[in-house]
Amino acid sequence: MTMGKSFSKRKMLLLGPGRSGQGKDHRRTRIANAYFSLFMALACSVNCANLKSAFILDIVLLALTTYISISSVQEIPLSDMGAEHSAEEVQQEAFLWELIGSFRYLTPPIWIVLIVVALTWVGWFPFLLFDTDWMGREIYKGKPNEGHAYHLGVRMGSLGLMLNSVVLGVTSVILERLCRKWGAGLVWGISGILMSFCFGAMLIISYVAETTEYPSSGIPPIGIIVAAVIVFAVLGAPLAITYSIPYAMISTRTEPLRLGQGLAMGILNLAIVVPQVIVSLGSGPWDQLFGGGNSPAFAVAAVAAFCSGLMAIIALPRSSITRARTHK
């Protein structure tokens, strides 16, 4: 799985390769991240669970955003006078060993952001991996390739993901105002707590579904279905925040170190990819340890999300991003 990397690539395509001076405009970076969240919402529909449709849509959007990035940015050709300067820039490219070596320069505030990001994605990956599968297995009590119950659950999960995208889009539009009013750290922390409550609600819904006797049709009671779909929809709000605030946070904290935007995003990607690998390798054995099902992974996700939200509220200043803007 390369979910974290693909998100970052789409984000860089949407932002476009601007000049180096533009990286210091934190308001524009924050708004661009909000637009990225909005476009992610618009790209998802009821076909999100259909892999063929999702891949085709992904190819079209990737080609479109690449064309926009290439055609809308005017690059300045390198001259002979700038050859010496360009050679110096090439030497400063963030190769893998430089990326790893840069960790010794990171300050405690940057480490806090990275830890919160890592815990946040430990919470997100079980949901991103098992969302519709959870609906098909634990809510509709179906099995893949056996009957229609599982596929009905997957379709209902797709409806939940569509509503999730609607909430994600609305949140991305009002996110700038929320950050100015409450502070980015507090908004990020509240989103983590909300994630934790939603994953906890999924565990409760799974327990209720397991202990409830379904009618002969095999369709779950309407209350269970509505509760599950509502949880899917509500999770769109913290997902929009996950796609935007961490990038602005890491940008403002790495600027004094003069690491560059590319290296800063590389460091942030490591905080996303490492939890992804851990969850991908450990979720299967962890679920089997408790008899199968997705609930054990969601329990870990709830704990990780709660810890990330609590750390963000306590350790991240509420006005960090807005303060950087006013000092310009």
Side-chain angles (χ1 to χ4, degrees), residues 2-45 47-48 50-96 99 162 165-166 168-176 179 239-252 254-255 258-269 272-273 321 325 328:
T2 57
M3 184 76 68
K5 292 181 180 178
S6 64
F7 285 159
S8 179
K9 289 179 180 178
R10 292 172 187 165
K11 172 177 173 293
M12 295 304 296
L13 287 173
L14 289 170
L15 290 176
R19 297 181 181 177
S20 58
Q22 294 175 348
K24 298 182 180 180
D25 193 336
H26 304 298
R27 181 173 180 273
R28 292 179 60 183
T29 301
R30 191 164 63 254
I31 294 176
N33 281 316
Y35 275 115
F36 166 72
S37 298
L38 177 61
F39 293 152
M40 286 292 293
L42 296 177
C44 188
S45 68
N47 291 322
C48 281
N50 187 324
L51 290 180
K52 292 183 179 179
S53 299
F55 288 151
I56 292 174
L57 184 62
D58 197 22
I59 292 172
V60 173
L61 290 178
L62 186 60
L64 178 61
T65 53
T66 301
Y67 172 77
I68 293 175
S69 298
I70 295 175
S71 61
S72 62
V73 177
Q74 299 296 327
E75 293 185 315
I76 302 176
L78 292 175
S79 61
D80 294 336
M81 296 180 60
E84 182 178 354
H85 180 66
S86 63
E88 180 181 354
E89 291 182 345
V90 170
Q91 293 177 357
Q92 297 177 352
E93 289 291 330
F95 296 106
L96 178 61
L99 180 62
M162 184 183 67
S165 297
V166 173
L168 188 153
V170 173
T171 304
S172 65
V173 171
I174 66 174
L175 185 57
E176 169 75 9
C179 289
L239 191 59
I241 294 170
T242 302
Y243 287 159
S244 55
I245 289 182
Y247 296 93
M249 281 275 191
I250 202 70
S251 176
T252 58
T254 56
E255 182 182 337
R258 299 184 181 276
L259 295 178
Q261 288 293 318
L263 189 57
M265 292 301 104
I267 294 173
L268 185 64
N269 276 339
I272 298 174
V273 172
I321 295 180
R325 176 187 170 188
K328 288 187 62 178

Which heavy-atom pair separates L62 from T65 by the least distance, and what is that distance?
-> O-OG1, 3.2 Å

Kindly give the heavy-atom pair with the smallest separation between S172 and A240, and that separation in Å.
-> N-CB, 4.1 Å

For L168 and Y243, work out which heavy atoms get closest and say how close.
-> CD1-CE1, 4.0 Å

How long is the span from the OG1 atom in T66 to the CG atom in L61, to the nearest 0.5 Å?
-> 10.0 Å

Excluding sequence neighbours, so at least two apart, what forms side chain to side chain contact (heavy atoms under 4.5 Å, CB included) with I68?
-> L64, S72

How long is the gap from CD1 on I267 to CD1 on I272, to the nearest 0.5 Å?
-> 12.5 Å

Can you find a pair of side-chain heavy atoms, one from T171 and one from L239, that are under 4.5 Å apart?
-> no

